[in-house]
Amino acid sequence: MPEHVLIIGGGVIGAACAHYLLKAGRRVTLIDRGEFGGGCSHGNCGFVCPSHVLPLAGPGAVGRALKALFQRNSPLSIKPRLDAALWSWLYHFARRSNERDMLAAGVGIQALLNSSRQLYDELFTDEKIEAEWETRGLLFAFLTPAAMGHYAETDRLLRDKFGLGAVRYEGDDVARLEPALKPGLAGGWHYEHDAHLRPDRLMASWRRRLAERGAEIREHCEFRGFVRRGERAVAADSSLGPLEADQFVVAAGAWTPRLKLDLGCRIPIQPGKGYSITMPRPARSPAIPLIFEEHRVAVTPLKSGYRLGSIMELAGYDASLEPKKLDLLRHGAGHYLIEPTAEPIVEQWFGWRPMTYDSLPIIGFGPALANVALACGHSMLGVSMAPGTGKLIAELLGAAPPHIDPAPYSPARF
Ligand SMILES: Cc1cc2nc3c(=O)[nH]c(=O)nc-3n(C[C@H](O)[C@H](O)[C@H](O)COP(=O)(O)OP(=O)(O)OC[C@H]3O[C@@H](n4cnc5c(N)ncnc54)[C@H](O)[C@@H]3O)c2cc1C
């Protein structure tokens, strides 16, 4: 079995790959152009949500996206520009916005979500990784009866096709379940099996565990291409010089399509920019993580703080932190929560989600280099899918029987 694996990218996916490769007895080096855990895996909402099996592309998604194009300050926005990769991505997204493709993608998404949810339980008990892990479920709360009724159709579909049922709360029963909510809401749906964690704590704690297991982590080390011999890579060319290894894993999140990989396959990932605001817990903080779909705001009550997050901007690699978008989060949460914010603000943040148009990650070997695997494109669910991805990568690299069917994630599908 090849010994040494080099992982490119120190986000939650790179960390999970390193973990399971080390467990399989490999030597692991992980490089990051910035800091380990400093990308999209830093300030996200931290939901580990097996309930989120549906991809973004589904019936009605194109209409919603078009509406967003003409709305000012919408939580969903596309910056139209002359960019062939963006238009191709949007075209394929539109083509997949139908029930058949949505359900097919859901099967692949669910397998990784379920595997990861189970593996997190093991990580937090057996590996002593500490990330403020809590298993209080996830509550979708609705302002209007129309939105509550509309969600009933989604709930039915999730129940019938994926065996996922939420507990329904009518009217003020939802505020009795979660007293931080205002009275007078239309109701809510509680997915009791979902969980949440603090992403930056997860990354810091996982890093310590990886180092204890012998991983070499090299920060400020930028990947620049592969040194090839025939159909194999023998080294990664980096800002710190060539780094030799037997096998390579590319886990560079939203940056992946910008890398000089030449793997003989397309990597249709667009950066989907999202924002978050972190602050101390308000006096009337919720205990259960919340999603307000009508305003597209997510609320994460952390043991050590409180976070509002969401927004989806397809604006390329734009690195500005727009105050108006952050206001949308505060304003949106104000419709539902008695005390939606607290002072002082600890962090205002954005991250680029690695968005594929089918919402499925890309996991597997590219055709041109037999010893380079991709582990990227986890879209809105990288935290929720990380352990399953890491385990699958370790299995694929070791030619071991995979614990879930890898076919839905194959790079060959594009
Ligand atoms: C607002 C928001 C909320 C979210 N909430 C959730 C949630 O509740 N639950 C959930 O499951 N997911 C959530 N997500 C999505 C999740 O954050 C991402 O799917 C996940 O972090 C992607 O992880 P990654 O390891 O692929 O990428 P990243 O964490 O971005 O890591 C990629 C790394 O690659 C490095 N890199 C790039 N180029 C190079 C190079 N040339 N050489 C070396 N290194 C390189 C980068 O520096 C970076 O550290 C959210 C995202 C956002 C923005």
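What you see is a predicted model, and the numbers here were worked out from it, not measured in a lab. Order of appearance sets the numbers: ligands from 1, and atoms from 1 within every ligand. The analysis underlying the following values was restricted to heavy atoms, covering all of them including side chains, and did not include hydrogens, waters or symmetry mates.
Of the protein's non-hydrogen atoms, Met380 O, 3.2 Å is the one closest to atom 13 (C) of ligand 1. Scanning all protein heavy atoms for the shortest distance to atom 16 (C) of ligand 1 gives Gly382 N, 3.9 Å. Shortest contact from atom 24 (P) of ligand 1 to any protein heavy atom: Ile13 CG1, 3.8 Å. The nearest protein atom to atom 36 (N) of ligand 1, hydrogens excluded, is given as Arg33 CD, 3.6 Å; this is a heavy-atom distance. The protein heavy-atom contact nearest to atom 1 (C) of ligand 1 is Tyr275 O, 3.5 Å. The shortest contact between atom 50 (C) of ligand 1 and any protein heavy atom is with Asn44 CB, 3.3 Å.
The closest approach between a heavy atom of Cys376 and any atom of ligand 1 is not below 4.0 Å. The closest approach between a heavy atom of Cys221 and any atom of ligand 1 is below 4.0 Å. Assignment of Ser379 to the shell around ligand 1 is supported, since a heavy atom sits closer than 4.0 Å.
Applying the 4.0 Å criterion to heavy atoms of Ser384 picks out, from ligand 1, the atoms 9 (N), 10 (C), 11 (O). Within the listing of ligand 1, atoms 23 (O), 25 (O) sit less than 4.0 angstrom from a heavy atom of Val12. Per-residue contacts place Gly9 under 4.0 angstrom from the following atoms of ligand 1 (heavy atoms of the residue considered): 33 (C), 34 (O), 35 (C). Close approach of ligand 1 to Glu222 (heavy-atom distance below 4.0 Å) involves ligand atoms 41 (N), 42 (N).
For ligand 1, the polar-atom distance check against Cys49 finds no nitrogen or oxygen pair separated by under 3.5 Å. Residue Gly38 has no nitrogen or oxygen atom sitting less than 3.5 Å from a nitrogen or oxygen atom of ligand 1, judged on distance alone. Residue contacts with ligand 1: Ser41 is placed with a nitrogen or oxygen under 3.5 Å of a nitrogen or oxygen of the ligand (distance criterion only). The shortest N or O to N or O distance between Cys40 and ligand 1 is under 3.5 Å. In terms of polar-atom proximity, defined here as any N/O pair under 3.5 Å, Leu259 makes no such contact with ligand 1. Residue contacts with ligand 1: Gly14 is placed with no nitrogen or oxygen under 3.5 Å of a nitrogen or oxygen of the ligand (distance criterion only). The shortest N or O to N or O distance between Phe223 and ligand 1 is below 3.5 Å. No N or O atom of Gly274 sits closer than 3.5 Å to an N or O atom of ligand 1. Residue contacts with ligand 1: Ser310 is placed with no nitrogen or oxygen under 3.5 Å of a nitrogen or oxygen of the ligand (distance criterion only). For a threshold of 3.5 Å applied to N or O pairs, the pair formed by Cys45 and ligand 1 contains at least one separation below that value.
Ring geometry, Tyr317 versus Trp352: the interplanar angle exceeds 60°, so the pair is classed perpendicular (tilted spans 30 to 60°). Aromatic ring pairs are classed by plane angle as parallel below 30°, tilted from 30° to 60° and perpendicular above 60°; the pair His335 and His331 is perpendicular. Under the 30°/60° scheme for interplanar angles, the aromatic rings of Tyr169 and His190 are found to be tilted. Classified by interplanar angle (parallel below 30°, tilted 30° to 60°, perpendicular above 60°), the ring pair Tyr336/His295 is perpendicular.
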(message) For Leu164 and Gln110: C-alpha separation, side-chain torsions, deciding distance, then whether side-chain contact (heavy atoms from CB on, under 4.5 Å) applies.
(response) CA-CA 10 Å; Leu164 279 165; Gln110 187 170 40; 4.1 Å; yes
(message) For a side-chain hydrogen bond (donor to acceptor under 3.5 Å, both in side chains) check, start with the C-alpha distance between His4 and Thr29, then their side-chain angles and the critical distance, and finish with the verdict.
(response) CA-CA 8 Å; His4 183 197; Thr29 303; 2.8 Å; yes
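No side-chain donor from either of Ser379 and Arg353 sits under 3.5 Å from a side-chain acceptor of the other. Between Ser384 and His52, the side chains place no donor N or O within less than 3.5 Å of an acceptor N or O (distance only, hydrogens not considered). Side-chain atoms of His42 and Glu347 include a donor-acceptor pair closer than 3.5 Å.
Contacts between Thr300 and ligand 1, counted as non-hydrogen atom pairs separated by less than 4.0 Å, are absent for every part of the residue. Contacts between Trp255 and ligand 1 below 4.0 angstrom, taking non-hydrogen atoms only, involve the side chain exclusively. Using a 4.0 Å cut-off between heavy atoms, Arg353 contacts ligand 1 through its side chain alone, with no backbone atom that close. With a 4.0 Å cut-off on non-hydrogen atoms, Trp352 does not touch ligand 1 at all. Residue-level proximity to ligand 1 for Lys273 is absent, since no heavy atom of it falls below 4.0 angstrom. Only backbone heavy atoms of Ala251 (N, CA, C or O) come within less than 4.0 Å of ligand 1; its side chain stays farther off.
A salt bridge does not link Glu99 to Lys161: none of the charged nitrogens lies less than 4.0 Å from a carboxylate oxygen. Using a 4.0 Å cut-off between a side-chain N of Lys or Arg and a carboxylate O of Asp or Glu, Asp318 and Lys273 qualify as a salt bridge. With salt bridges taken as basic N to acidic carboxylate O contacts below 4.0 Å, one links Arg209 and Glu212. The residues Asp358 and Arg413 are annotated as salt-bridged, a charged nitrogen and a carboxylate oxygen being separated by less than 4.0 angstrom. Checked for salt-bridge contact, Arg207 and Glu219 meet the test: a charged N lies under 4.0 Å from a carboxylate O.
For an aromatic pair to be called close, the ring centres must be under 6.0 Å apart, and Tyr91 with Trp87 fails this.
Partner Glu132 forms a side chain to side chain donor-acceptor pair (under 3.5 Å) with one of His196, Arg201, Arg198 and no other, that one being Arg201.
Among Gly11, Pro354, Gly253, Gly351, the residue whose heavy atom lies closest to atom 22 (C) of ligand 1 is Pro354. With Trp349, Phe47, Phe36 as candidates, the residue nearest to atom 7 (C) of ligand 1 on a non-hydrogen basis is Phe47. When the options Asp32, Leu138, Ile7, Val250 are ranked by their closest heavy atom to atom 49 (O) of ligand 1, first place goes to Asp32.
The CD1 atom of Ile31 sits 11.0 Å away from atom CZ of Arg33, with the distance rounded to the nearest 0.5 Å. How far CD1 of Ile362 is from OG1 of Thr256: 7.5 Å, rounded to the nearest 0.5 Å.
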